[in-house]
Enquirer: 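Below you will find the structure I want to go over with you.
Computed from a predicted model, the values in this text were never measured in an experiment. Here, residue 1 is the first one in the sequence, and each next residue gets the next number. Both ligands and their constituent atoms are indexed starting at 1 by order of listing.
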Amino acid sequence: MDRVFIEGLRVDALIGVYGWEREVRQTLMLDLVMAWDNRVPGMSDDVTQALDYGRVAEAVAGWVGESRFQLLEALAESLAQKLMDEFEVPGLQLTIRKPGAVASAVSVGVSINRGLRLGAENSA
Ligand SMILES: Nc1nc2c(c(=O)[nH]1)N=C([C@H](O)[C@@H](O)CO)CN2
């Protein structure tokens, strides 16, 4: 299956398990790889037949910005379900990074695959 991807989507969110994390917004970085048959928009040159990455990025930023989960895992599950329901994405890989959460690491986070498998070579 072909893919449409979004890399390094930066969104501020209320997320975390500790008390102080319920008071301040923290920056998350999202990478999204979504299964999509690009042959149809490739032939028609029509954005309405494409998985419009601009619309997806706007929707994801809105959902994340309004969310109040404790765990990155819970946010990831919620986003995956919304993308499959509202954009009819058949499968996806989602990575959410929380830079700064562990001072000695460049970044930490979670990555999930849901729906149709994207294949062994999961990079965009
Ligand atoms: N697997 C996870 N581990 C941890 C999470 C998480 O969301 N998933 N969250 C925290 C804290 O909120 C941490 O980010 C505060 O710095 C700890 N571990």
Enquirer: To which protein heavy atom is atom 14 (O) of ligand 1 closest, and what is the distance rounded to 0.1 Å?
Expert: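 The protein heavy atom lying closest is K98 NZ, 2.9 Å.
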Enquirer: Please state which option from Q70, E21, Q26 has its nearest heavy atom closest to atom 11 (C) of ligand 1.
Expert: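 Comparing heavy atoms across Q70, E21, Q26, the nearest one to atom 11 (C) of ligand 1 lies in E21.
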Enquirer: Quick one: does L118's side chain get under 4.5 Å of M34's, heavy atoms only?
Expert: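 A side-chain contact is absent here, since even the closest heavy-atom pair is not under 4.5 Å.
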Enquirer: Please state which protein non-hydrogen atom is closest to atom 1 (N) of ligand 1 and give its distance, to 0.1 Å?
Expert: E73 OE2, 2.7 Å
Enquirer: Who's the nearest protein heavy-atom neighbour of atom 5 (C) of ligand 1, and how far?
Expert: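 I find the closest protein heavy atom is L71 CD2, 4.0 Å.
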Enquirer: Does the distance from a Lys or Arg side-chain N to an Asp or Glu carboxylate O, for R68 and E21, drop under 4.0 Å?
Expert: no
Enquirer: Inspect the surroundings of CZ in F69 and state if more than 12 heavy atoms from other residues, nucleotides or ligands are less than 6.0 Å away.
Expert: yes
Enquirer: Return the closest protein heavy atom for atom 10 (C) of ligand 1 as residue, atom name and distance.
Expert: V17 CG2, 4.0 Å
Enquirer: Identify the heavy atoms of L94 and L79 that sit nearest to each other, and give their distance.
Expert: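 Looks like CD2-CB, 3.9 Å.
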Enquirer: Note the single closest protein heavy atom to atom 16 (O) of ligand 1, along with its residue, its atom name and the distance in Å.
Expert: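 Looking at atom 16 (O) of ligand 1, the protein heavy atom closest to it is A101 O, 3.4 Å.
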Enquirer: Minimum heavy-atom separation for K98 and G16, please, with both atom names.
Expert: NZ-CA, 3.8 Å
Enquirer: Checking contacts now, so for atom 18 (N) of ligand 1, which I'm interested in, is there any protein heavy atom under 4.0 Å?
Expert: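 No, there is none.
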Enquirer: Are more than 12 heavy atoms, taken from residues, nucleotides or ligands other than E58, located less than 6.0 Å from that residue's CD atom?
Expert: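 Open.
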Enquirer: Can you list the ligand 1 atoms lying under 4.0 Å from a non-hydrogen atom of G16?
Expert: 12 (O)
Enquirer: If every non-hydrogen atom of W36 is compared with every non-hydrogen atom of A50, which pair is closest and at what distance?
Expert: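 Shortest heavy-atom separation between W36 and A50 comes out as NE1-C, 3.8 Å.
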Enquirer: Where is the nearest protein heavy atom to atom 7 (O) of ligand 1: which residue, which atom, and how far?
Expert: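 It is L72 N, 2.8 Å.
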